[in-house]
Each structure stands twice: as structure tokens, then as C-alpha cells.
Amino acid sequence: MRVRVVTLFPGMVSAGMGFGVCGRALSAGIAEVATVNPRDFARDPHRSVDDRPYGGGPGMVLKVEPWRDAIRAARADLPAGSRVAFLGPQGRRFDQAMAREMCSWPGLVLVSGRYEGFDERLVEAEADCEISLGDFVLSGGEVAALAVIDAVVRLLPGTLGDEGSAQADSFGGYLLDFPHYTRPEVLDDGRRVPAVLVEGNHEAIRRWRLKQALGRTQLRRPDLLEGRQLSAEELDLLGEFLAERGQVPGDD
Ligand code: 9D3
């Protein structure tokens with residue numbers, strides 16, 4: 001997969017690449033990430049990429065021409081069927097389903113804004129989609145671009161070992177993870193690893209993990225369970241989990 005990030009701060013993007021699974025995919029040639037700087041497409045003597053907002057108000061608005069030319073240059077470098085995604089707080093909330101869809105695109109242009117955002121006509125003319133990471137305020141799109149790249153690249157075939165892909169799919173991917181433990185079995189403060197994990201009964205361990213995953217999901221992210229049809233075993237385990245805590249679904 002080929003990715004271009006259009007940004008005024010290319011160093012922020014390159015500094016975040018090249019580590020871990022993402023870094024390995026880049027050096028293995030599974031993904032390729034480059035930056036395009038709209039500053040290089042500014043034509044005026046001051047090389048301006050932003051200007052004052054029509055209608056007044058604070059801050060600056062990103063100008064159409066240098067951004068449009070940078071996006072078109074990025075796009076020209078990618079295969080047909082590539083998409084342009086703008087990053088911004090008005091976008092659709094990014095999720096795993098979007099990451100899975102994006103990893104089937106041959107190329108991706110991520111447009112990272114700064115200041116008050118883009119001239120709306122640029123978005124109308126150039127965007128195939130708009131992505132937000134959620135309801136919080138970033139100072140620009142670069143960190144969001146890194147998050148999207150990380151989520152997409154780790155799904156590309158050949159990027160993860162068997163270990164990773166198996167783990168990603170534990171319990172179908174619709175539950176929060178179960179808690180994990182490693183040595184030592186007893187900490188200085190006396191807290192122990194749950195006995196079932198030490199005893200080694202694989203069926204008991206599977207049921208304990210599924211129960212923890214269900215219980216934590218119900219308590220922390222009930223939205224993930226809404227509209228999910230739980231199996232008889234899952235309902236039993238969730239019931240046990242909540243009973244042990246003296247809680248019933250919908251209690252909090
Ligand atoms: C202080 C300016 N805000 C007025 C209410 C609007 C605003 C403009 C530009 C807020 C943030 C930004 C910069 N944000 C991003 O580029 C961004 C972002 C985000 O802020 N939150 C969640 N996801 C994303 S993706 C890109």
C-alpha cells in the first residue's frame with residue numbers, strides 16, 4: 001500500500017514512522033509512506049499556505065491553491081483507485097471497520113490540516129472522505145494521520161506474525177481484551193495471578209478469559225454489546241461475572 005501525507009510538518013510524520021510493526025512493514029516494502037508539503041507548492045514570494053478568514057474572526061484558514069496542488073501531486077504519484085482522506089474534527093469517527101476497508105485501497109492520501117482548518121471548497125473538490133479520531137481537540141492532523149497509518153498498515157498481509165493476527169481475532173474482535181498476567185506469580189504486595197491461569201486447565205482458562213472479556217465490555221463499553229446476540233455460554237458467563245460483582249446489566 002502506498003500512502004502520501006500532505007502536511008506542513010513532514011518531520012512530525014516521519015518521526016512517528018519506522019517503529020515496531022509499522023516500521024517493519026515499511027522496511028519490508030509492504031507499505032510505503034512519503035510526505036508532500038503544500039509550502040513547496042506556494043507560488044507567492046512569502047510562500048503562504050494560509051490566509052485570513054472571510055467573515056472575520058480569529059485564526060487562519062488553509063488556502064486552496066497550494067493545498068490543491070500538493071494533493072494532486074500526491075495523487076499523481078499513486079495508482080488508480082487511490083483515495084483522498086481529509087483529517088479533521090468534522091470527519092466520520094475512525095474505527096476498525098474503516099481501517100479494514102482502507103487496507104484494500106491501493107493508495108491513500110491523508111491530508112493533515114493546521115490552524116482553523118481548510119477552505120471548504122478544497123474539501124468539496126478533493127476529499128473522498130473526512131476522518132476524525134473522536135471528540136477531542138488536536139492542534140493538527142499529523143498525529144491523527146499516524147494513528148490511521150498504524151491501524152491500516154498492521155492489517156496488511158505479511159505485516160503481523162501469526163501471534164498478532166490470532167490475538168486480534170480473539171473472541172471475534174467485538175469484545176474488550178481479557179486481563180493479562182506474567183511472572184512473578186506473587187508480587188511484593190501479595191497480589192497474585194488468578195489461580196485458574198496458573199493451574200493450566202485450558203478449557204477453564206478459555207471460559208475465564210471469555211467471562212472477563214464479556215464482563216469488562218459490559219461494564220466499560222456497553223455500546224459494543226448493543227445489538228449483539230450473545231450465545232448461551234456467553235450469557236451464562238456474563239451473568240456469573242456480574243453476579244460475582246453484585247451487578248445486573250444496565251445497573252450502571
Ligand atoms: C480551536 C479550533 N476549533 C474551534 C472549535 C476547531 C478545530 C480546528 C482544527 C479543532 C481542531 C483542529 C485540528 N484538528 C485536527 O486536525 C484533527 C482532529 C481533532 O482535532 N480531533 C479529532 N480528530 C482529528 S483528525 C484531525
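Each ligand, and each atom within it, is numbered from 1 in the order the structure gives.
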Chemist: Where is the nearest protein heavy atom to atom 22 (C) of ligand 1: which residue, which atom, and how far?
Modeler: Gly134 O, 3.3 Å
Chemist: Any idea which atoms of ligand 1 are less than 4.0 Å away from a heavy-atom of Gly141?
Modeler: 16 (O), 26 (C)
Chemist: Using a 4.0 Å heavy-atom cut-off, say whether Ser132 meets ligand 1 through its side chain, its backbone, both or neither.
Modeler: both
Chemist: Give a yes or no on whether the backbone of Leu62 and the side-chain of Arg114 come within a donor-acceptor separation of less than 3.5 Å.
Modeler: no
Chemist: Does Phe94 come within less than 4.0 Å of ligand 1, judged by its heavy atoms?
Modeler: no
Chemist: State whether the number of non-hydrogen atoms from other residues, nucleotides or ligands found under 6.0 Å of Asp188 atom CG is greater than 12.
Modeler: no
Chemist: Within 4.0 Å of atom 5 (C) of ligand 1 (strictly less), any protein heavy atom?
Modeler: no
Chemist: Can you name the atoms of ligand 1, numbered from 1 with element, that are less than 4.0 Å from a heavy atom of Gly140?
Modeler: 13 (C), 15 (C), 16 (O)
Chemist: Is a side-chain donor or acceptor of His46 paired with a backbone partner of Asp44 at a separation under 3.5 angstrom?
Modeler: no
Chemist: Tell me which one of Gly88, Pro89, Gly117, Ala85 gets a heavy atom nearest to atom 10 (C) of ligand 1.
Modeler: Pro89
Chemist: For Glu116, take its heavy atoms, then give the atoms of ligand 1 lying under 4.0 Å from any of them.
Modeler: 2 (C), 8 (C)
Chemist: Please could you name the atoms of ligand 1 that Ala144 approaches to less than 4.0 Å, counting only its heavy atoms?
Modeler: 25 (S)
Chemist: Just to be sure I'm reading this right: ignoring hydrogens, which of Ile131, Leu62, Leu138, Val111 gets closest to atom 13 (C) of ligand 1? Compare them by their nearest heavy atoms.
Modeler: Leu138
Chemist: Just checking, is any N or O donor in the side chain of Glu142 or Thr7 under 3.5 Å from an acceptor N or O on the other one?
Modeler: yes
Chemist: Give the numbers and elements of all ligand 1 atoms closer than 4.0 Å to a heavy atom of Val137.
Modeler: 10 (C), 11 (C), 20 (O)
Chemist: Quick test of your reading of the model: are Asp77 and Arg4 salt-bridged, counting only N-O distances below 4.0 Å?
Modeler: yes
Chemist: More than 12 foreign heavy atoms under 6.0 Å from CZ of Phe136: is that the case here?
Modeler: yes
Chemist: Please list, in number order, the atoms of ligand 1 under 4.0 Å from a heavy atom of Phe136.
Modeler: 19 (C), 20 (O), 21 (N), 22 (C)
Chemist: Which of the atoms of ligand 1 are close to Leu133, meaning less than 4.0 Å from one of its heavy atoms?
Modeler: 22 (C), 23 (N), 24 (C)
Chemist: With a cut-off of 4.0 Å, which atoms of ligand 1 are near a heavy atom of Tyr115?
Modeler: 8 (C), 9 (C)
Chemist: Do the side chains of Glu203 and Arg206 get close enough for a salt bridge, i.e. N-O under 4.0 angstrom?
Modeler: yes
Chemist: Here's a test for you: under side-chain hydrogen bond (donor to acceptor under 3.5 Å, both in side chains), which of His202, Glu233, Gln212 qualifies with Arg207?
Modeler: Glu233
Chemist: Can we say Glu240 and Lys211 salt-bridge, meaning some charged N sits less than 4.0 Å from an Asp/Glu carboxylate O?
Modeler: yes
